[in-house]
Amino acid sequence: MRRRQQPPLPKRFGLDPARLRLPEDGTWATIREHLVERLPRVDPARIDELLRAGAIVDMDGPIAPDAPYAPGGAVWFHRDLPLETDVPFDIGIVHRDDTLLVIDKPHFLATIPRGQHIRQTALVRLRHELDLPDLIPAHRLDRVTAGLVLFIIDPARRGAYQTMFHRRTVRKEYEAIAPYDPTLTLPRTVRSRIVKEKQVLAAQEVEGEPNAETVVELVEVRGGLARYRLRPHTGRTHQLRLHMNSLGVPILGDDFYPRVTDKPVDDFTRPLQLLAAALEFTDPISGELRRFRTRRSLQAWTDPEGWAGPGASGPHHR
């Protein structure tokens, strides 16, 4: 197995520098000329600025603004990060040892960098705050879903734990708050075929062989609301939200189902009332049974007026 080349620049905000390989058949006179063509979304003046600052490097150090093109070489630099609104909620630590970190992710915080969410993600914040530069998630939670996420601290153990999730040997349990329908017979197993197209925000249930399965149970009822336990046997995009919506009881705070609403990314009110409540698995290294449970609760259940009001914010801790 080919060993990954270590970048000559350190991480910044917990992120590795970008690496660009220079094509063997390149005809550019200088590296700068290639970068201008290769990075059309970056202003050439910004590339010049980075070169003058010594912020674009190869394995021998900073590249001069007039450095000749080097076929087959590689350069590294840190991309400019987008402006982000701080997510004003803390990440809870449920468990930490030399190998694993289990967190209680708040609503509105993405698990990993993607699109306009870079620094304000669980991975980047944890790498920086806990000084764990090699931290990697074993799985992901949607940005708007709160609850448990398992991270791997020891790089040598990544494969073993990530494989558990790929093979679906991890038992997951979620809680959701949604309307109560006395005519709905529960518990029941919901099966459907879910597809998610690129560049389309919402997933869809379509005709065909089911590829998604969720067990839905009623836990308790309070007025017109109910607390549900959801146990997914598969992990399709937005599976739990789609299945609850298909039962006629969409999860409170869902901005995608039954219809997509245009909620600004800096609006932290009325969070989706979905919580990754429990993770259970047989440890692939030690063989012991591990079970973790969230310390969070869903605000629409514990404080419905606060959740529905104009000043509502993230989830409460128990």
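- Applying the side chain to side chain donor-acceptor pair (under 3.5 Å) rule to T27 yields no partners; only residues at least two apart in sequence or on another chain are considered.
- Taking the charged nitrogens against the carboxylate oxygens, R227 and E220 do have a contact shorter than 4.0 Å, which makes a salt bridge.
- The side-chain contact (heavy atoms from CB on, under 4.5 Å) check on A70 picks up L22, with sequence neighbours excluded.
- Remark: P264 engages D266, D267 in a side-chain contact (heavy atoms from CB on, under 4.5 Å) (not counting sequence neighbours).
- V94 and L126 fall into different hydrophobic clusters, defined by Ile, Leu, Val, Met, Phe, Trp and Tyr side-chain heavy atoms under 4.5 Å apart, directly or through other members.
- Checked options E175, E217, E280; the residue passing with R231 is E217 (criterion: salt bridge (Lys or Arg N to Asp or Glu O under 4.0 Å)).
- Separating the CD1 atom in I31 from the CG atom in D66 is a distance of 10.0 Å, to the nearest 0.5 Å.
- In this structure, V195 is not a member of the same hydrophobic cluster as L201, with clusters built from ILVMFWY side-chain heavy atoms closer than 4.5 Å.
- Across every non-hydrogen atom of P17 and W76, the tightest pair is CG-CD1, 4.1 Å.
- Annotation for R21: atom CZ counts as buried by contact number, over 12 foreign heavy atoms lying within 6.0 Å.
- Atom CG of residue L298 and atom CH2 of residue W307 lie 10.5 Å apart, to the nearest 0.5 angstrom.
- The backbone N or O of T183 lies less than 3.5 Å from a partner atom in the side chain of D181, making a donor-acceptor pair.
- Annotation for I177 and L225: closest pair CG2-CD1, 4.2 Å, computed over non-hydrogen atoms.
- Checked against side chain to side chain donor-acceptor pair (under 3.5 Å), R188 has no partners two or more places apart in sequence or in another chain.
- You'll find the side chain of L150 stays beyond 4.5 Å of the side chain of H95, heavy atoms only.
- With D303 contributing its side chain and G306 its backbone, the two residues share a donor-acceptor pair below 3.5 Å.
- The two residues A64 and L51 have their closest heavy-atom pair at O-CD2, 4.4 Å.
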Could you pull out all donor-acceptor pairs under 3.5 Å where a side-chain atom in residues 249-256 meets a protein atom, sequence neighbours excluded?
| unit_1 | atom_1 | unit_2 | atom_2 | d |
| --- | --- | --- | --- | --- |
| D254 | OD1 | R241 | NE | 3.3 |
| D254 | OD1 | R241 | NH2 | 2.8 |
| D254 | OD1 | F256 | N | 2.9 |
| D254 | OD1 | Y257 | N | 3.2 |
| D254 | OD2 | R241 | NE | 3.2 |
| D255 | OD1 | T261 | OG1 | 2.9 |

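- Scored by the side-chain contact (heavy atoms from CB on, under 4.5 Å) test, A278 finds E173, R291, R293 as partners (sequence neighbours excluded).
- For the pair T111 (side chain) and L141 (backbone), a donor-acceptor distance under 3.5 Å is present.
- Under the salt bridge (Lys or Arg N to Asp or Glu O under 4.0 Å) criterion, D58 pairs with no residue at all, not counting sequence neighbours.
- By the criterion of side-chain heavy atoms lying less than 4.5 angstrom apart, applied directly or through intervening Ile, Leu, Val, Met, Phe, Trp or Tyr residues, M164 is not grouped with F151; the two fall into different hydrophobic clusters.
- Between I56 and P62 the shortest side-chain heavy-atom distance does not fall below 4.5 Å.
- In this model, a donor atom of one side chain and an acceptor atom of the other lie less than 3.5 Å apart for D104 and T294.
- Remark: D97 CG is packed, more than 12 non-hydrogen atoms of other residues, nucleotides or ligands lying under 6.0 Å away.
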Which donor-acceptor pairs under 3.5 Å do the side chains of residues 202-215 make with protein atoms, sequence neighbours left out?
| unit_1 | atom_1 | unit_2 | atom_2 | d |
| --- | --- | --- | --- | --- |
| E205 | OE2 | S192 | OG | 2.6 |
| N211 | OD1 | I194 | N | 2.8 |
| N211 | ND2 | I194 | O | 3.1 |
| E213 | OE1 | R191 | NE | 3.1 |
| E213 | OE2 | H233 | ND1 | 2.8 |
| T214 | OG1 | Q239 | NE2 | 2.7 |
| T214 | OG1 | H243 | ND1 | 2.9 |

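- Considering CG of L242 and CE of M244, their distance stands at 12.0 Å, rounded to 0.5 Å.
- Looking at T121 and K105, their side chains never come closer than 4.5 Å, going by heavy atoms from C-beta outward.
- Linking ILVMFWY residues whenever their side-chain heavy atoms come closer than 4.5 Å, directly or via other members, places L109 and L274 in the same cluster.
- Listed here is the closest heavy atom pair of L184 and L247: CD1-O, 4.0 Å.
- In terms of the side chain to side chain donor-acceptor pair (under 3.5 Å) criterion, residue partners of D80 (sequence neighbours excluded) are, by chain and number, R46.
- Partners of Y161 under the side chain to side chain donor-acceptor pair (under 3.5 Å) rule, at least two apart in sequence or in another chain, are D283.
- R38 is listed as a side-chain neighbour of P23, based on a closest heavy-atom distance under 4.5 Å.
- Shortest non-hydrogen contact noted between F292 and L148 is O-CD1, 3.3 Å.
- A donor-acceptor pair under 3.5 Å is formed between the side chain of T163 and the backbone N or O of G159.
- Put simply, the side chain of I153 does not reach to within 4.5 Å of the side chain of D98, judged on heavy atoms.
- In the displayed structure, R79 atom CZ is contacted under 6.0 Å by at most 12 heavy atoms of other residues, nucleotides or ligands.
- Looking at heavy atoms from C-beta onward, P113 lies in side-chain contact with L123 at the 4.5 angstrom threshold.
- In this structure a side-chain-to-backbone donor-acceptor pair under 3.5 Å is missing from R229 to V219.
- Pairs engaging residues 122-140 under the side chain to side chain donor-acceptor pair (under 3.5 Å) rule: Q120-R125 [sequence neighbours left out].
- Atom CG of L135 sits about 11.5 Å away from atom CG of D154, to the nearest 0.5 Å.
- Side-chain heavy-atom separations under 4.5 angstrom define the hydrophobic clusters, and L83 shares its cluster with no other residue.
- Side chain of R295 to backbone of I93: a donor-acceptor contact under 3.5 angstrom is found.
- The main-chain N or O of W301 is found under 3.5 Å from a side-chain atom of R222 such that the two form a donor-acceptor pair.
- Partner F77 forms a side chain to side chain contact (heavy atoms under 4.5 Å, CB included) with one of L20, I63, V57 and no other, that one being L20.
- A distance-only check finds no donor-acceptor pair linking the side chain of K172 to the backbone of T234 [under 3.5 Å].
- Atom CG of L101 and atom CD1 of I152 lie 10.5 Å apart (nearest 0.5 Å).
- A distance of 13.5 Å separates OH in Y228 from CD in Q273, rounded to the nearest 0.5 Å.
- Under a hydrophobic-cluster definition in which Ile, Leu, Val, Met, Phe, Trp and Tyr are linked whenever side-chain heavy atoms come within less than 4.5 Å, directly or via other members, L39 and W28 are assigned to the same cluster.
- For the pair V144/P271, no side-chain contact is recorded, criterion being any heavy-atom separation below 4.5 Å from C-beta on.
- In this structure, P304 and T302 approach most closely via the heavy-atom pair CD-C, 3.8 Å.
- H78 places a side-chain heavy atom less than 4.5 Å from the side chain of L9.
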